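Computed from a predicted structure; not experimentally measured. A, B, ... follow the sequence lines: proteins, then strands. Residue 1 opens every chain. All values below come from the heavy atoms of this structure, side chains included, with hydrogens, waters and symmetry mates left out.
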Number of protein chains: 2
Amino acid sequence: MPQTAPTRTAQSCPQCPIRHSAVCSLCGPSELAELDAIKTYQTFQAGDVIAWAGEPQTIVGSVVSGVATLSRTLADGRRQMVGLLLPSDFIGRSRTQVAPYDVTAATEVTLCTFRKRAFDEMLDRTMHIERRLLQMTLDELDAAREWMLLLGRKTAREKIASLLVIVARRDAALHRREVGNGVSFRLPLTREAMADYLGLTIETVSRQISALRKAGVVEMHGTRDVTIPDFGRLLDESGDDADGGIVS
Amino acid sequence: MPQTAPTRTAQSCPQCPIRHSAVCSLCGPSELAELDAIKTYQTFQAGDVIAWAGEPQTIVGSVVSGVATLSRTLADGRRQMVGLLLPSDFIGRSRTQVAPYDVTAATEVTLCTFRKRAFDEMLDRTMHIERRLLQMTLDELDAAREWMLLLGRKTAREKIASLLVIVARRDAALHRREVGNGVSFRLPLTREAMADYLGLTIETVSRQISALRKAGVVEMHGTRDVTIPDFGRLLDESGDDADGGIVS
DNA sequence: CGGGGTCTTTGATCAGGATCAAGCCCGTGC
DNA sequence: GCACGGGCTTGATCCTGATCAAAGACCCCG
C-alpha cells in the first residue's frame, strides 16, 4: 500500500520482503538496486538497546515500524531524550565511527539496516542519496529546535499538550488522515519515556495528564489510548502561536 | 592567515576582499569560481534583525565574523534561543522559502551572502557542496542535541558553567590554542542573550555567575571578560560526564 | 562633568515542579 | 484464587528558579 508523508518525499517500498505499514525511507525513493544488495532487516523488542553512546557505531538504517529514542545521560544519571525516531526516520550516520547517543527501542522496532562500510562506499558513488540525507537532517534539525523551545520555555502542562499534538499529527500523517476533532491514537511511549522527552519527572507527567483530563481537553481510555474531543483546545494548551507548530 | 577549526574542514578564504580573522566556510574549501560571482558581503550592527521568522527567506550565506543568534518566540512573548551562529556557521537554507527562526546579530556581524536563486541553481549542478552542507548540518544537529540535554536536565549553575565551557572552547579553537588553566576570553553575549540561550532569566544568570565567582571557579574583569583559573573545576561544575563535552 | 539610558547586580517573596512516600490498577504466573 | 511486579496515580513537603522591586555600574553624548 502506497504511503505518503506530507513533508517527506517517502514512497512505498515494494521490494521490502516484510509486511509493514510504513516506509523504508531510502529503499523506496532511491530506486537503487545496489541498496537492496546490502540491506537486511532487524527487529528489536521494547526496551532493547540498539546502540550505546560512545561505542563503535555498527548500525546505519531507517525505522520501518515502531518507535525508538535517542538519549544522553549526565554523570549522575539524569537522562534527556534528544531524538524520537518514528517510521521513515534514519538511524546512524555515515563516516562517523562512534555513536553519539544511546538508541533504545521504545516499542517493538523493525529496522531496515545496511552494512556500514558498503553504505559509505555507495555514498561516495551516488551523490543523490546525500541530497536526500541532507533534507532529512534539516527536518531533524528543525524538530530539535522546536523541542528546544519546549524544553527551555514551556510549562509542564504546555509540554504535555505539545507532545500530544506531535503524536496526534504524526499518527494522522501515518494513516493519511487530517488531524481534527475527535481524533484517537495510542501513545507509543511510557510515562517514563514521556518524562525523558519533556525534561520532567514521571509524577509531573502523570499529574498533568490527569489535569488535562479533568479539564476535558483529552479523554483517556486506559493508560495509553487518547481521544482529543477538540483539537483547537489542545493547540491552545500547547502554548504555540498560531501555527508555528512543531515540525516532524 | 590560515585558520583551521578542529571539527570542520574549513580553510582560509584568500579571495575574500575584506579583512577578517575567520573563515568563509564555503568560499574557502569549495574552490569554485562560480561562488565568487554570486557572493556579496553584508554587515549588521549588534541588535539588528537579519531575518524574521515566518517572513520570506532572502539571505543564504555564512558568518565571517561576529555572533548571531537563532530564536523563536511563544505567543505570550517567552523567547528561546535555538541556535548560536559563530564564524564559519551557515545561515539560511536552500530550497526553503520561509525563514523558520528569527536571526539577530548579537555583536557586529559580517556575512558572506549569496543570491538565493543563483545559489540553488549552483547546488543542482555541483553536488559536492551538498556533501559539505550535510556535514555542517549534522554538526549543528549534534550541538542542538547537547543543548537539549542542557535545557532539559541541567541546573542553573550547570547551565552557566556549560556555556562558559562552550565559549572558551570555541574561542580557543578560533585562535588555535588549547583550552587550559588560566584561559581568558570575552563573552560575546549580553546577560539577556545568555538567559535566552539557557532557558533562564537574566536575574538567575547574574546570580549564578556571581556564585561561580565567589566560589573561585571564574574571575570576572568587568562584566564581559572572563578568566578561568582551573578549567577542570569549571568542567566539574558543568555536570557533563568525563568528556562527552558539548559539540560546537 | 553631569545626566539619562541601558545593562547588571542584589534582595525579598512566590510558585511550579522535584522529591519522598504510599497506594492503585492490571496483567502474569503459581 | 492469590501473590507478585511493573507501570501509573495521588498526596505532602521541599527547593530551585521565577517574579517583583530597587539600587548600582557603565556608557554614550551633550
Interatomic distance where [atom1] belongs to [X] and [atom2] belongs to [N] [whole Å]:
X      : N      : atom1 : atom2 : value
A/H221 : C/dC26 : NE2   : P     : 14 Å
B/R213 : C/dT8  : CZ    : C1'   : 11 Å
B/D225 : C/dT8  : CG    : P     : 13 Å
B/M194 : C/dC7  : CE    : P     : 15 Å
A/Q208 : D/dT9  : CD    : C1'   : 13 Å
A/I160 : C/dG16 : CD1   : P     : 16 Å
B/I202 : D/dT19 : CD1   : C1'   : 11 Å
A/L187 : D/dT9  : CG    : P     : 10 Å

For B/T223 and C/dC7, is the shortest distance between a side-chain N/O and OP1 or OP2 below 4.0 Å?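 For B/T223, the contact criterion (side-chain N or O under 4.0 Å from OP1 or OP2 of C/dC7) is not met.
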Would you say B/T201 places a side-chain N or O within less than 4.0 Å of OP1 or OP2 belonging to D/dT19?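 So the side chain of B/T201 is outside the cut-off, no N or O lying under 4.0 Å from OP1 or OP2 of D/dT19.
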Nearest-0.5 Å distance, [atom1] of residue [X] to [atom2] of residue [Y]:
X      : Y      : atom1 : atom2 : answer
A/K154 : A/L200 : NZ    : CG    : 12.0 Å
A/S210 : A/M220 : OG    : CE    : 8.5 Å
A/L164 : A/E237 : CG    : CD    : 10.5 Å

Which nucleotide sits closest to the side chain of B/S210: C/dT9, D/dT10, C/dA18?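 The answer is C/dT9, which lies nearest to the side chain.
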Compare the minimum distances between each of C/dG17, D/dC8, C/dT8 and the side chain of A/R224, then state the nucleotide with the smallest one. D/dC8
Heavy-atom donor-acceptor pair, A/R207 side-chain to C/dT19 base, under 3.5 Å: yes
A/D171/A/R177 ion pair, N-O < 4.0 Å: yes
Quick one: do A/E146 and B/R72 make a salt bridge, cutoff under 4.0 Å? yes
Let me spell it out: for each of A/E203 and B/S206, pick the nucleotide of DNA chain C with the closest heavy atom. Which residue's pick is nearer the 5' end? B/S206
Give one of base, sugar-phosphate or nothing for B/L200, where a contact means two heavy atoms less than 4.0 Å apart.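 Counting heavy atoms under 4.0 Å across all strands, the contact made by B/L200 is with sugar-phosphate only.
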Looking at every strand, decide which applies to B/G47 at a 4.0 Å heavy-atom threshold: base, sugar-phosphate, or nothing. nothing
Can you work out whether B/T204 or A/V205 has the more 5'-proximal nearest nucleotide on DNA chain D? A/V205
